[in-house]
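Worksheet for the structure shown next.
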There are 2 protein chains.
Amino acid sequence: MKDQLHNYLNRYVIFSEEEMNILFKLFEYRTFPKKEHLLVQDELCKYQFFITEGLVRSYYIDEKGDERITQFAIENWWVTNLDSYKNLSPSALFIQAIEKTTVLRISKENLELAFESIPKLERAFRIITENMLVAIQKRYEFYQKKSSKERYQQMIAALPDFSQRVPQYMIASYLEISPEYLSSLRKDI
Amino acid sequence: MKDQLHNYLNRYVIFSEEEMNILFKLFEYRTFPKKEHLLVQDELCKYQFFITEGLVRSYYIDEKGDERITQFAIENWWVTNLDSYKNLSPSALFIQAIEKTTVLRISKENLELAFESIPKLERAFRIITENMLVAIQKRYEFYQKKSSKERYQQMIAALPDFSQRVPQYMIASYLEISPEYLSSLRKDI
DNA sequence: GATTTTCATTAAGATATCTTAAGAAATACG
DNA sequence: CGTATTTCTTAAGATATCTTAATGAAAATC
């Protein structure tokens, strides 16, 4: 568990065992069974979650009462509602385990402590945040360029295991397609 | 010019005069007349641009040959193609001055030097990047939730000066609306 | 293993938005 | 100024995608 986090962070900046020991103490280990929420709407998002195992989604409920998935996250990804976390605003999003999920979570206070005691952690988080920004920009460029059908085809080609682990209507929601229309697209393929 | 950058960065982390002197030397000052490009497609984006005056857009050309605007940036904002900049990949985007624009630009090499000599700059950039991430997430949530008409109404309500400084067809492009349809929406309002 | 719940499919009708093409208005330019 | 370029509008027809509603299949639960 500690090694997993260590290996992950070492991709960006090398941390010593000792630094990792300090850092690791600031995290809490949690398990969420399938369907349990890591965060619910209107609550404050107090943590950043590093997923060590499992699969979660973040989503909101739109005006019509439908769920709209904004993100999936798996092993070795971070998930949080950054707006709520940073600005202490009530979360517009839910974060929910799709499978049994284990996480290391860190509170804002503890992450601030970590930044103070291990300054180069700032660098790691700066780079990770930049990568997330690039990823989200690419994603929306892709959505803008491609039709529903192409989005679906490329998603299952790029992430074939996802189609196994996630129900189809959730993939539809993530791709911004109605489940009925996705179903009819699949018939054509 | 130096003060403008200093004031801006002090929002995030306090820098001394001396630190600012070191940092400022690593930037270059540039002026771009209206319509000139800061970056063109297929080039490498070698800089991050801090806009000190003026207004730019970043956009790409889609399959049909139409321009699609992904971002506007004004005074005290950063603009770059982060994907190209970080990954040394040819830029899919253009960045162009809509008005006469002055910038402070910094190369990747110099920014790395700056991070090394002024480590707390990492913190400032980490926070700035987080803010950008929140902004882009909110933007796309808004696009997903709102109709074309609502997007336009809220944009001109939120940024009334923009409607003056930017031609309508560019606003349409940014809002992901065809210019003809935006024109017809305006008639209704 | 039967029952309930969740998930996927089908089909018909509705609609938001785009496309094309043309002309009008505004702005820039020699 | 007058011409050229850029920007905006109008209107008709096309289409991708959604909605609703019903049925069927699969999976979960007791």
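- Nucleic acid contact for A:S183: base, since at least one base atom lies under 4.0 Å from a heavy atom of the residue.
- When the C1' atom of C:dT17 is taken as reference, atom OH of B:Y152 falls 17 Å away, rounded to whole Å.
- OP1 or OP2 of D:dT9 has at least one side-chain nitrogen or oxygen of B:R186 nearer than 4.0 Å.
- Atoms CD (B:Q144) and C1' (C:dA16) sit 16 Å apart, rounded to a whole Å.
- One can place CG of B:D188 at 12 Å from C1' of C:dA16, the figure rounded to the nearest angstrom.
- Between B:K187 and D:dC8 there is no side-chain polar atom (N or O) within less than 4.0 angstrom of OP1 or OP2.
- The side chain of B:K34 lies closest to C:dA28, out of D:dA28, D:dT17, C:dA28.
- Comparing D:dT20, D:dC18, C:dT20 by their closest approach to the side chain of B:E180 singles out C:dT20.
- By the 30° and 60° cut-offs, the orientation of the rings of B:Y174 relative to B:Y143 is perpendicular.
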Could you go step by step and tell me if B:K108 and A:E130 meet the salt bridge (Lys or Arg N to Asp or Glu O under 4.0 Å) rule?
-> CA-CA 14 Å; B:K108 199 170 172 175; A:E130 284 175 353; over 6 Å; no
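- Classification of the B:F32-B:F49 ring pair by plane angle, with boundaries at 30° and 60°, yields perpendicular.
- Spacing between atom OH of A:Y181 and atom C1' of C:dT15 amounts to 14 Å, rounded to whole angstrom units.
- Side-chain nitrogen and oxygen atoms of B:S148 include at least one within less than 4.0 Å of the OP1 or OP2 phosphate oxygen of C:dT17.
- Which of C:dT10, C:dA16, C:dA8 sits closest to the side chain of A:P167 comes down to C:dA8.
- Using a 4.0 Å cut-off, some side-chain N or O of B:K64 falls inside it from OP1 or OP2 of C:dT19.
- Between B:F162 and B:F72, the ring-plane angle classifies as perpendicular under the 30° and 60° cut-offs.
- In this structure, A:K120 pairs ionically with A:E19, as a charged nitrogen and a carboxylate oxygen lie closer than 4.0 Å.
- Nearest-nucleotide assignment on DNA chain D puts the 5′-proximal partner with B:K35, out of B:K35 and B:Q168.
- Ranked by how close their nearest DNA chain C nucleotide is to the 5' end, A:L182 and B:S147 are led by A:L182.
- We find that CD of A:E150 is positioned 13 Å from C1' of D:dA16, with the value rounded to whole Å.
- Atom C1' of nucleotide C:dA16 and atom CD of B:E176 are separated by 15 Å, given to the nearest angstrom.
- Across the interface with DNA chain D, nearest-nucleotide mapping of A:K146 and B:P179 shows B:P179 to be the residue nearer the 5′ end.
- At least one side-chain nitrogen or oxygen of A:Y169 sits closer than 4.0 Å to the OP1 or OP2 atom of C:dC7.
- Straight-line distance from the CD atom of A:Q164 to the C1' atom of C:dA8: 15 Å, rounded to whole Å.
- The CG-C1' distance, from B:D66 to C:dT20, rounds to 12 Å in whole Å.
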